[in-house]
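Shown next, in structure tokens, is the structure this report addresses.
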Amino acid sequence: MIEVLYFAWVRERIGIPRETVETGAKTVAGLVDELRAREERYAAAFADTSALRVALDQELADFDASLKGVREVAFFPPMTGG
Amino acid sequence: MIEVLYFAWVRERIGIPRETVETGAKTVAGLVDELRAREERYAAAFADTSALRVALDQELADFDASLKGVREVAFFPPMTGG
Amino acid sequence: MRVQEAPFDFGAEAGRFAAAQDSAGAVVTFTGIVRDLPGGGLRAMEIEHYPGMTERAIAAIEAEAVSRWNLLDSLVIHRFGALPPGDVIMMVATAAPHRADAFAAAEFLMDYLKSRAPFWKKEITAEGAEWVAAREEDEDALRRW
Amino acid sequence: MRVQEAPFDFGAEAGRFAAAQDSAGAVVTFTGIVRDLPGGGLRAMEIEHYPGMTERAIAAIEAEAVSRWNLLDSLVIHRFGALPPGDVIMMVATAAPHRADAFAAAEFLMDYLKSRAPFWKKEITAEGAEWVAAREEDEDALRRW
């Protein structure tokens, strides 16, 4: 069980800000594959992961990072703060 | 006839902030030589011109600059503003 | 550090920050203001953020700045929500004994806030809404540190 | 640009400057504060200047900044006279569409004010008074522009 959060256009494309996901994926990339396979809106949001960033327990991470022990995964586009 | 101004420790060493000088000097260096020859306090103030800056009519200049048409010459140490 | 929806008074914050310094010789501030679009028409800049991670990211960025420069104090305030043109979005302030450290740390904080703190901007106009794309230059700016 | 003996309210000036911008996205300020000596004992920092040339030099420095960067506005306030520790000596503010220009122009203005505007600082302590020597770094800082 993992909390998955979506921000900005990822959130808009998927249609929800967060959800709890039952997953056996070992890595972020594995989780993305599972999500993509669900529905068209997920496939659209995750079509190009080079346009996305991921945070694990609120720290920026890579898509090949392990999900071991992770409680919260967030997907979002590159940040535009400041 | 030229107005000569002194600032900071140059002013303190010479003892006056400004004076009107009758000079036939063609350049700043010539004027400095004339002033140096006057009295010990001038010789002390102008002992090392590499430690001094000069402005002609309120614009920074070099010691070999011409005095032609100049009305105001100022001598001072390197600036320490800001 | 403060992450808030409410407007804040940049001048008052900057004045308070400078007055609180007792051994700094140099204070630098940066303020980001919502710019209208070329030709006008921006109704609001909507800023989304990731509560929790935002505070962690900003704290990490400030700690990094303190470790790199001779910094005596720093302040980051960043707003979220819908901001009309002319509104102050955020500010950074740094205090240091000397100006080079205050300037470098302020620029560093800005470069990192731009691309490493989880904020996303969306332009709202009469025609609709559009997410602001990250700029290549902002990513490049990080490489100099 | 203002050259004055009277204290000024940095926060109020910075706030007013930022509020007056209608197309700037970035405002940078620098404030110089009188630092006490290590160990204390500074009674005042006395600042002498060259009335007339000071204003000309600052105007020239600001014009140069405007010609080099995409700058929408700038402000320089510099005090003279005897300033106690903690007093604000001077401030610079720049406004630009983008932060890189605002930062660069503010640093440029500071570097030039330090070494090219006719101000001289003297430290007054119980032991006497001493002129502040120009720092090699300040002269070096000019070379990067």
Side-chain angles (χ1 to χ4, degrees), chain C residues 8-40 42 45 72 85-100 102-104 106-111 113-114 121 135 137-138 140-141 144, chain D residues 8-40 42 45 72 85-100 102-104 106-111 113-114 121 135 137-138 140-141 144:
Chain C
F8 66 90
D9 180 336
F10 158 65
E13 295 290 347
R16 196 154 37 230
F17 181 84
Q21 306 309 320
D22 59 2
S23 50
V27 169
V28 169
T29 72
F30 176 90
T31 325
I33 301 169
V34 179
R35 279 199 305 156
D36 205 342
L37 299 169
L42 183 72
M45 182 70 86
L72 297 165
D87 253 35
V88 169
I89 303 174
M90 53 81 65
M91 72 171 284
V92 152
T94 56
H98 298 291
R99 75 185 189 287
F103 269 119
E107 289 195 72
F108 171 86
L109 287 173
M110 283 309 305
D111 285 351
L113 282 170
K114 279 268 165 193
K121 291 199 188 93
R135 303 189 321 158
E137 307 100 278
D138 287 333
D140 292 347
R144 61 178 162 151
Chain D
F8 65 92
D9 181 337
F10 158 64
E13 295 290 346
R16 195 153 39 228
F17 181 83
Q21 306 310 321
D22 60 2
S23 51
V27 168
V28 169
T29 72
F30 175 91
T31 324
I33 301 170
V34 179
R35 280 198 305 155
D36 204 342
L37 298 170
L42 183 71
M45 183 70 87
L72 297 165
D87 253 35
V88 169
I89 304 174
M90 52 83 65
M91 72 172 283
V92 153
T94 55
H98 299 292
R99 75 186 188 287
F103 270 118
E107 290 195 72
F108 171 87
L109 287 173
M110 282 311 304
D111 285 351
L113 282 170
K114 279 269 168 193
K121 292 198 188 96
R135 303 190 320 159
E137 307 100 276
D138 287 333
D140 291 347
R144 60 179 163 152

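Computed from a prediction, not measured in an experiment: that's the story for all the values here. Values below: all heavy atoms of this structure, side chains included; hydrogens, waters and symmetry mates excluded.
For a residue to count as touching a neighbouring chain, one of its non-hydrogen atoms must lie under 4.5 Å from one of that chain's; by this rule C:Ser23 touches chain D with the backbone only. For C:Asp111, the parts lying near chain D are the backbone and the side chain together; criterion is any non-hydrogen pair under 4.5 Å.
Aromatic ring orientation, C:Phe30 versus D:Phe103: parallel (interplanar angle below 30°, classes split at 30° and 60°).
Counting heavy-atom pairs closer than 4.5 Å to chain D, the top residue among C:Glu137, C:Gln21, C:Arg135 is C:Arg135. Between chain D and the residues C:Arg35, C:Met110, C:Lys114, the most heavy-atom pairs under 4.5 angstrom are made by C:Arg35. Contact count versus chain C (heavy atoms, under 4.5 Å) is highest, among D:Asp9, D:Asp22, D:Thr31, for D:Thr31. Of the listed residues (C:Gly32, C:Ala18, C:Ala24), the greatest number of heavy-atom pairs within a distance under 4.5 Å of chain D belongs to C:Ala24. Contact count against chain D (heavy-atom pairs under 4.5 Å) is highest for C:Ala106 among C:Ala102, C:Ala12, C:Ala106, C:Ala100. The most heavy-atom pairs under 4.5 Å with chain C, out of D:Gly15, D:Ala14, D:Gly11, D:Gly25, come from D:Gly25. For the set C:Val34, C:Val28, C:Asp36, the count of heavy-atom pairs under 4.5 angstrom toward chain D peaks at C:Val28.
Of all heavy-atom pairs between C:Ala141 and D:Arg99, the closest is CB-NH2, 4.1 Å.
Inspection of non-hydrogen atoms places C:Pro97, C:His98 of residues 85-98 of chain C under 4.5 Å from chain D.
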